Amino acid sequence: MAPSVRSTSTAPSVDPGRAPLTTLGGVGPALAETLGKLGLREVQDLWFHLPLRYEDRTRVVSIGDLRPGDHAQVEGTVDFVERGFRFRPQLKVIVSDDSGRALLLRFFHFRKSQVDQLPKGTRLLCFGEVRQGPQGLEMVHPQYQRIEVGEPVVVDERLTPVYPTTEGLGPRRLGSVIAKALAHLPADDRLELIPEDVGQPLGMASLRDALLYVHRPPPDVDLRQLELGTHPAQKRLAFEELLTQHLTLRRMRAAVKKRKSPALKSAGSLRDRLLASLPFALTKAQARVSTEVARDLSRPHPMLRLVQGDVGSGKTVVAALAAVAAVESGYQVALMAPTELLAEQHLRNFRAWLEPMGLEVEWLAGKVQGKARKSALARVADGSAHVVVGTHALMQEGVAFAKLGLVIVDEQHRFGVHQRLALRDKGAEGELIPHQLVLTATPIPRTLAMSAYADLDVSSIDELPPGRTPVQTVAISNERRYDVMERIHAACMEGRQVYWVCTLIEESEQLNAQAAEVAHAELVAGLPDLAVALIHGRMKPKEKQAVMDAFKRGEIAVLVATTVIEVGVDVPNASLMVIENSERLGLAQLHQLRGRVGRGSIASSCVLLYQTPLSRLAKERLQVMRETNDGFRIAEKDLELRGPGEVLGTRQTGQLQFRIADLSRDAHLMPDVQRVAEAMMRDHPARCERLIARWVGDAARYVDA
Ligand code: ADP
Ligand code: MG
């Protein structure tokens, strides 16, 4: 018989963390099922079910010191009780304390017995969030308990952790189950999965200490530090969570990389012809990135590459070079953009570049309907269309490709992660899956990219084509819009062209269009000797095109537009841009918009019109825009001001929902995370799996599917 390896190991055979919840005292099948709704199945899941925040019941706050927004504990005597019915049943209880100030407790769900227990003069200890009500400060549905006369008030010794919970599971019950699980927390050497030789040099807190600290902060805790999430214990956990997320993405990537794709090895004759036909030479950065892409394409495994480059860095031609390599190898290419206008711009570029070489570029946007759509689909299906350009519609069911070899997605940040994942399997009938190239104009701070895009390889076009002059940016109050109009007039007299961009908060393109119409009328009246035109998303594609063409030919001096021009518009002679209500836009959008000017050799400028008063954030944004044209700096600042979900546009997709890590706070950990991840994938693959099971659990299984 072969000797058992396991029996010689000194490691205990049972991992207390992997035990089912029902092994904990007091947890029966029903409670286990409820806990299962939170993804909690094993004892270790409870260890890693971390508090969302803490409640401070260690002291009693005087009612006179309460401020709206506080979560506070107060002790008071009932002065007044009223059971009313105004729209819905309501119980109002007024309490006051030694400060002489009163606090209204408001309940919408209550029983009669509850009311009977609250006669005037009852002493109550309440905890809740303080709000400004119509008659003063109030708490809605506070937690409370009665205190008998003469009985002393007992406050907690420690902060109370508040855990994410689910219906039918009260905070106390959940807290007590977690406390039970923590009693089984083993010593560090059995808990720690980050190998000592890699983790030690980082000098972090031990995992056991870190977990105990966040679940049960000691009485003398620095509450502010805890709330900011900067305590070493929180850092230790954030590190492990980021590490796990990174490993999960790397594992996904490894799984995709194992799959097969066509090796697109072309002799490069189409590439040479395309390069020869361009009126410019590639920048060094374009050439480098294009080589990286070509190398990926020539391999028999899927390319998963993100190309990031500032607005105007010339990503389109890099995409076109990849496309012709695929076509020359006998495969089709799909190119998708988030807006119709951007897709149309690509269509024009690709047709201008590829059709002279005898390639067919098909248009398949959502608006292509009926017969036109049918015949387009047929050409895609029989392979006579070499490149297919469109919007999201391309991803919809029903589009069958004859031989799809490469998918190019422009402006990735607007596509959700789920779409990115769905795409991977598009056209993956049979063995081979297409290569994937993602272009984004939103430079992502390096550390953030390391986390969010660990499933992709990243190339940066970090250089602009020569001859661009930086855009001068000024911020001007809307009260001075007539000065701005004079400035427009002067610029147009010198033969320059102008964008006037209207923005609204509303998502509705209809309201945006109306705002643009109003501005258009104003400018027509104010600048009678200039050709002023209007473009917005509610116009038909043909109309939009006609306006854009006239603007390109220089027949229009001032183009009033909604943010539809945010991406993809390219008119080098347009050298002045005015952005209305600029205080309402985020940095990324402002930067994108501004990227429409400064494309020629004329010195360009951008006027950010704003409405007063400016919020602190808006002021900071406008300041950043005035200071720099560097997309990477702007992205770093954006991350600082808005947080990673917004920067990546993935707030809704849930991809970046961490339990404890926060990328705007912890992104600086990423270089170490990446280093540790690499060492672990190389030397400790089994531990990687255990980390993923610990932090991601069920979700990891889902991601694999
Ligand atoms: P983006 O990266 O924003 O998509 P584009 O691909 O639209 O940028 O390129 C912006 C403009 O720069 C286009 O007019 C394009 O033809 C031009 N361009 C691209 N590469 C170069 C280059 N190497 N030299 C000069 N102009 C270039
Ligand atoms: Mg582009």
Side-chain angles (χ1 to χ4, degrees), residues 271 274-293 305-324 335-354 356 387 389-391 408-415 437-444 458-471 497 499 548-549 551-554 563-575 577 588-602 604 629-632 634-635:
R271 176 189 170 87
L274 173 55
L275 286 175
S277 74
L278 294 173
F280 49 77
L282 296 186
T283 61
K284 271 205 202 90
Q286 283 171 316
R288 170 174 41 78
V289 171
S290 180
T291 309
E292 286 165 357
V293 171
R305 189 168 287 279
L306 175 77
V307 170
Q308 56 174 349
D310 212 340
V311 211
S313 61
K315 293 180 290 295
T316 320
V317 75
V318 171
L321 288 167
V324 296
L335 169 57
M336 302 193 311
T339 68
E340 192 135 353
L341 202 81
L342 180 56
E344 285 166 34
Q345 173 101 13
H346 281 317
L347 179 72
R348 270 193 308 283
N349 276 326
F350 273 64
R351 282 198 167 145
W353 288 336
L354 306 191
V387 176
V389 181
T391 55
I408 303 172
V409 186
D410 196 5
E411 308 291 342
Q412 133 78 22
H413 63 293
R414 294 170 170 221
F415 286 103
L437 180 64
V438 178
L439 311 177
T440 174
T442 306
I444 300 147
V458 180
S459 297
S460 295
I461 306 185
D462 48 9
E463 174 189 10
L464 291 180
R468 304 264 169 89
T469 36
V471 181
Q497 289 171 280
Y499 294 106
M548 278 322 298
D549 288 346
F551 190 58
K552 267 195 183 162
R553 288 194 302 267
T563 46
V564 296
I565 63 147
E566 183 186 343
V567 279
V569 175
D570 193 22
V571 180
N573 192 48
S575 60
M577 171 173 285
Q589 207 178 4
L590 286 171
H591 181 62
Q592 287 289 314
L593 279 171
R594 185 173 60 180
R596 299 304 119 205
V597 292
R599 301 206 146 209
S601 49
I602 337 160
S604 295
N629 278 290
D630 179 344
F632 278 90
I634 291 175

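Below, each value reflects all heavy atoms present in this structure, side chains not excepted, and no hydrogens, waters or symmetry copies. None of these values were measured; they are calculated from a predicted model. Read the numbers this way: they start at 1 and go in the same order the structure lists the ligands and their atoms.
Between Asp310 and His591, the side chains place a donor N or O and an acceptor N or O closer than 3.5 Å (distance only, hydrogens not considered).
Residues meeting the side chain to side chain donor-acceptor pair (under 3.5 Å) test with Asp462, sequence neighbours left out: Arg288.
Contact check for Glu292 versus Val307: no side-chain heavy atoms found under the 4.5 Å cut-off. Taking 4.5 Å as the limit, some side-chain heavy atom of Leu321 sits within range of a side-chain heavy atom of Leu282. When side chains are defined from C-beta on, Tyr499 does not count as touching Leu593, because their heavy atoms never get closer than 4.5 Å.
Minimum interatomic distance between Val471 and Asn629 (heavy atoms only, all atoms of both residues): O-ND2, 3.0 Å.
The immediate protein surroundings of ligand 1, defined as residues with any heavy atom under 4.0 Å of it, consist of Phe280, Ala281, Leu282, Thr283, Gln286, Asp310, Val311, Gly312, Ser313, Gly314, Lys315, Thr316, Pro465, Arg468, Asp570, Arg599.
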